[in-house]
**Student:** 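Below: one structure in structure tokens.
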Amino acid sequence: AQRIVVKVGTSTLTYPNGKLNLQAIDQLCYSLSGLVNENKEVVLVSSGAIGVGLGQLGMKERPSAIPEQQALAAIGQTQLMTVYQQRFAVYGQKIGQILLTHDVMDYPTSRENVLNTFENLLRLKVIPIVNENDTVAVDELDHHTKFGDNDQLSAIVATSIDADLLIMLSDIDGFYDKNPRKFADAKLLHTINEINAKTFEKAGGRGTKFGTGGMTTKLKAAKRILDANKAMILANGENPSIIFKILNGEQLGTLFI
Ligand code: ADP
């Protein structure tokens with residue numbers, strides 16, 4: 001079976017005011033359930049916990065203190081999973097939650113346990129929904145307990161489970177030769193075969209208030225995928241049913257291969 005990892009960013013899941021974009025979530029759930037019905041194996045890596053937590057508490061800005069962010073993640077994660085559970089249930093699709101930290105994937109025993117869990121969920125036609133375990137992962141200088149962002153987490157998951165394709169949905173149509181939010185003449189790059197220092201220079205500035213990674217972390221993720229000889233597509237998640245078009249071979253977004 002074709003194995004696909006789909007990563008969605010906060011900007012796809014929430015409105016700029018932090019409220020959940022239920023229409024986008026519904027479309028995402030509809031699309032992924034459809035893929036499972038086509039006998040594909042699907043993993044969803046979903047950001048959004050902190051953004052959802054912000055929205056629930058009516059806060060406008062992401063707090064700078066890490067413990068506050070972790071509290072928001074704890075609040076937002078359950079809300080997010082509740083919504084996924086409800087929307088996926090409409091399409092008869094079962095889900096399972098996998099929260100990961102870096103050390104889990106670094107130690108052979110815990111890594112093997114997690115990979116076994118993935119295999120069993122996929123065998124049961126369940127969609128694993130993965131997020132970084134933000135309530136325990138802390139970004140410290142010398143202990144790299146945090147993946148840093150779900151872009152790279154999605155690439156680590158995709159390569160670890162030997163997925164054929166990583167579909168990364170963002171708030172932009174793909175990777176451009178310069179930041180299209182700053183330069184009106186920026187051009188979409190359709191295919192990227194190699195990622196080097198020059199590529200990273202094209203990624204400037206972070207995106208939205210609630211999105212975290214910006215293009216740099218997406219390129220780092222893409223590099224992991226290329227190093228593993230797999231493929232990644234970066235596309236606009238505004239309309240998550242774009243997944244069907246991508247898998248039908250329509251030239252959309254940026255293909256890293
Ligand atoms: P998400 O929340 O979906 O993970 P981010 O906001 O973190 O998305 O990252 C996407 C943003 O990266 C774009 O909206 C854009 O502002 C910014 N960006 C910077 N450089 C580029 C580039 N070369 N091509 C496309 N987007 C870029």
Side-chain angles (χ1 to χ4, degrees), residues 5-21 23-25 27-28 31 44-55 61-62 69 72-73 76-77 80 129-132 134 139 146-158 166-225 232-243 246 252-256:
V5 176
V6 176
K7 187 260 169 182
V8 286
T10 304
S11 51
T12 300
L13 302 169
T14 59
Y15 293 108
N17 67 6
K19 290 242 155 50
L20 279 174
N21 184 343
Q23 247 172 309
I25 292 175
Q27 243 193 65
L28 177 68
S31 305
L44 174 62
V45 177
S46 176
S47 305
I50 292 176
V52 172
L54 281 170
E61 298 278 327
R62 192 184 268 251
Q69 292 192 21
L72 286 170
Q77 179 68 21
L80 190 59
I129 301 185
V130 184
N131 193 4
E132 176 156 35
D134 282 319
D139 202 12
K146 223 172 142 41
F147 290 108
D149 59 87
N150 271 345
D151 292 334
Q152 288 190 83
L153 173 63
S154 66
I156 290 169
V157 167
L166 170 60
I167 299 177
M168 198 175 282
L169 297 181
S170 183
D171 63 349
I172 197 109
D173 286 342
F175 179 53
Y176 289 76
D177 60 352
K178 49 192 159 188
N179 188 350
R181 305 241 188 256
K182 289 198 187 131
F183 302 94
D185 63 336
K187 283 185 188 61
L188 180 71
L189 302 168
H190 292 286
T191 312
I192 299 276
N193 303 117
E194 196 200 333
I195 293 171
N196 51 38
K198 275 209 142 107
T199 325
F200 279 101
E201 281 168 18
K202 296 180 169 74
R206 91 181 14 181
T208 55
K209 187 163 48 165
F210 294 112
T212 47
M215 204 43 59
T216 305
T217 55
K218 288 171 181 50
L219 289 180
K220 285 185 184 167
K223 189 165 181 353
R224 276 182 198 275
I225 295 290
M232 171 177 135
I233 289 174
L234 175 65
N236 199 326
E238 194 179 7
N239 210 325
S241 58
I242 194 172
I243 293 168
I246 290 171
L252 289 160
T254 303
L255 172 64
F256 298 87

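Counting starts at 1 for both ligands and their atoms, following the listed order. Here, residue 1 is the first one in the sequence, and each next residue gets the next number. Computed over heavy atoms, backbone and side chain alike; hydrogens, waters and symmetry mates excluded.
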**Student:** At less than 4.0 angstrom from any non-hydrogen atom of Ala203, what atoms of ligand 1 do you find?
**Tutor:**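 Listed by number with element, the hits are 20 (N).
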**Student:** Who are the side-chain contact (heavy atoms from CB on, under 4.5 Å) partners of Asn239, not counting sequence neighbours?
**Tutor:**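 Asn239 satisfies side-chain contact (heavy atoms from CB on, under 4.5 Å) with Gln27, Ser241 only.
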**Student:** Using a 4.0 Å heavy-atom cut-off, say whether Pro180 meets ligand 1 through its side chain, its backbone, both or neither.
**Tutor:**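 It is the side chain that gets close, since no backbone atom is under 4.0 Å.
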**Student:** Is there a donor-acceptor pair closer than 3.5 Å between any side-chain N or O of Thr14 and the backbone N or O of Thr10?
**Tutor:**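 Side chain of Thr14 to backbone of Thr10, a donor-acceptor pair under 3.5 Å: yes, one is there.
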**Student:** Only heavy atoms count here, so choose which of Lys7, Lys182, Lys202 is nearest to atom 23 (N) of ligand 1.
**Tutor:**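 Result: the heavy atom closest to atom 23 (N) of ligand 1 is in Lys202.
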**Student:** Is there a polar contact between ligand 1 and Asp177, counting only N or O atoms under 3.5 Å apart?
**Tutor:**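 No - when backbone and side-chain N and O of Asp177 are compared with those of ligand 1, no distance drops under 3.5 Å.
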**Student:** Report, in ascending order of atom number, the atoms of ligand 1 lying under 4.0 Å from any heavy atom of Gly174.
**Tutor:**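 Reading through ligand 1 atom by atom, the close ones are 24 (N), 25 (C).
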**Student:** Can you tell me if Met168 has a non-hydrogen atom under 4.0 Å from ligand 1?
**Tutor:**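 No heavy atom of Met168 comes that close to ligand 1.
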**Student:** Would you mind telling me if ligand 1 is within reach of the side chain of Met215, the backbone, both or neither, using heavy atoms under 4.0 Å?
**Tutor:**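 Answer for Met215: both.
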**Student:** Testing Leu54, Asp134, Ile50 for side chain to side chain contact (heavy atoms under 4.5 Å, CB included) with Gln69, which one passes?
**Tutor:**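 By the side chain to side chain contact (heavy atoms under 4.5 Å, CB included) criterion, Gln69 pairs with just one of Leu54, Asp134, Ile50: Ile50.
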**Student:** Number the atoms of ligand 1 from 1 as they appear, then name those within less than 4.0 Å of a heavy atom of Ser170, with their elements.
**Tutor:**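 Near Ser170, meaning under 4.0 Å from one of its heavy atoms, ligand 1 has 1 (P), 3 (O), 8 (O), 10 (C).
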**Student:** So Leu189 and Asp177, side-chain contact (heavy atoms from CB on, under 4.5 Å) or not? Walk me through it.
**Tutor:** CA-CA 7 Å; Leu189 302 168; Asp177 60 352; 4.3 Å; yes
**Student:** Strictly below 4.0 Å, N to O, side chains only: are Arg224 and Asp151 in salt-bridge contact?
**Tutor:**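 Salt bridge: no.
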**Student:** Could you give me the CA-CA distance, side-chain angles and deciding distance for Leu13 and Asn21, then say whether side-chain contact (heavy atoms from CB on, under 4.5 Å) is met?
**Tutor:** CA-CA 5 Å; Leu13 302 169; Asn21 184 343; over 6 Å; no
**Student:** Give the contacting part of Lys178 toward ligand 1: side chain, backbone, both or neither, where contact means a heavy-atom distance below 4.0 Å.
**Tutor:**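 Looking at Lys178 and ligand 1, just backbone atoms fall under 4.0 Å.
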**Student:** Have a look at Asp171, Leu169, Thr254 and point out the one with the heavy atom closest to atom 14 (O) of ligand 1.
**Tutor:**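 Residue with the shortest heavy-atom distance to the ligand atom: Asp171.
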**Student:** Among residues at least two apart in sequence or on other chains, which ones pass side-chain contact (heavy atoms from CB on, under 4.5 Å) with Ala222?
**Tutor:**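 Applying side-chain contact (heavy atoms from CB on, under 4.5 Å) to Ala222 gives Ile195, Met232, Phe256.
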**Student:** Give the atom numbers and elements of ligand 1 that come within less than 4.0 Å of a heavy atom of Ser11.
**Tutor:**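 Answer for ligand 1: 1 (P), 2 (O), 3 (O).
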**Student:** Leu20 versus Val52: any side-chain heavy-atom pair under 4.5 Å?
**Tutor:**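 Heavy-atom side-chain distance check passes, below 4.5 Å.
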**Student:** For ligand 1 and Tyr176, I'd like to know whether there is a polar contact (N/O to N/O, distance under 3.5 Å).
**Tutor:**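 N/O-N/O distance under 3.5 Å: yes.
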